[in-house]
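Here is the structure we will look at, set down as structure tokens.
Since the structure is predicted, the reported quantities are computational estimates derived from the model, not experimental observations. Keep in mind that the numbers below use all heavy atoms, side chains included, and drop hydrogens, waters and symmetry copies.
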Amino acid sequence: VGKINIVDFPVANERGNVSGTTGSLAQNAIGNITITGHKSYLLMNVQLSAAGWFRLYTDSASRTADASRSVGEDPAAGSGVIAEVITTGLSTSIKISPFVPGGNMDSTPSTTMYCAVKNLSSTTQAITANLTILKLED
């Protein structure tokens, strides 16, 4: 005794690639980059153009607070670290499995993704980070 309406839910999920490049980094130097992505997303893959340690954060303050952490040392709980990967010269693309949810936690959320990349190669160079993400929120 009623009417059922089926409404198409406007999900704007899109899988895509976003990227950013550091300045020239000496061996073991760290470069901070910001990448334009989405307010929230699922991280699916990280590819670096050279051997490196990639870290992704919820905000700039978390990236700054984590700057002195060493490779292989776990981040503190609640530190704002979304994900991290280490690539080698043989494998510079890492599948994230299961996908990791992430997002911007600035006081006014934006599409900025805060990243740090440490050059683990034997030469000075700029490193490009290519991320495959699934959009959850504009």
Less than 4.5 Å apart, side chain to side chain, heavy atoms only: is that true for [X] and [Y]?
| X | Y | value |
| --- | --- | --- |
| Phe54 | Leu131 | yes |
| Met44 | Ile96 | no |
| Asn17 | Asn130 | no |
| Val81 | Tyr57 | yes |

Worksheet item: Is there a path from Ile127 to Ile94 through hydrophobic residues (I, L, V, M, F, W, Y) whose side chains come within less than 4.5 Å of each other?
Response: yes

With distance as the sole test, does [X] use its side chain to make a donor-acceptor pair with the main-chain N or O of [Y] at under 3.5 Å?
| X | Y | result |
| --- | --- | --- |
| Thr92 | Leu48 | yes |
| Asn104 | Pro109 | no |
| Asp106 | Thr108 | no |
| Arg55 | Asp66 | yes |
| Thr87 | Gly52 | yes |
| Arg69 | Asp74 | no |

Fill in: Contacts of type salt bridge (Lys or Arg N to Asp or Glu O under 4.0 Å), residue Asp59, not counting sequence neighbours
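Partners of Asp59 under the salt bridge (Lys or Arg N to Asp or Glu O under 4.0 Å) test: none.
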
Residue pair [X] / [Y]: nearest heavy atoms and the distance that separates them:
| X | Y | answer |
| --- | --- | --- |
| Gln27 | Ser121 | CG-O, 3.1 Å |
| Ile133 | His38 | CD1-CD2, 3.5 Å |
| Gly37 | Met113 | CA-SD, 3.7 Å |
| Ile33 | Arg63 | O-NH1, 2.9 Å |
| Val46 | Val85 | CG1-CG2, 3.6 Å |
| Ile35 | Cys115 | CD1-SG, 3.8 Å |

Worksheet item: Under the side chain to side chain contact (heavy atoms under 4.5 Å, CB included) criterion, do Ile82 and Tyr41 qualify, and how do the steps go?
Response: CA-CA 11 Å; Ile82 295 170; Tyr41 49 85; 3.3 Å; yes

Gap separating the [atom1] atom of [X] from the [atom2] atom of [Y], nearest 0.5 angstrom:
| X | Y | atom1 | atom2 | result |
| --- | --- | --- | --- | --- |
| Leu43 | Phe99 | CG | CZ | 9.5 Å |
| Ser110 | Met105 | OG | CE | 12.0 Å |
| Leu136 | Glu14 | CG | CD | 11.5 Å |

Worksheet item: Linking Ile, Leu, Val, Met, Phe, Trp and Tyr through side-chain heavy atoms less than 4.5 Å apart, which residues share a cluster with Val71?
Response: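 Besides Val71, the hydrophobic cluster comprises Trp53, Ile86, Leu120, listed by chain and residue number.
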
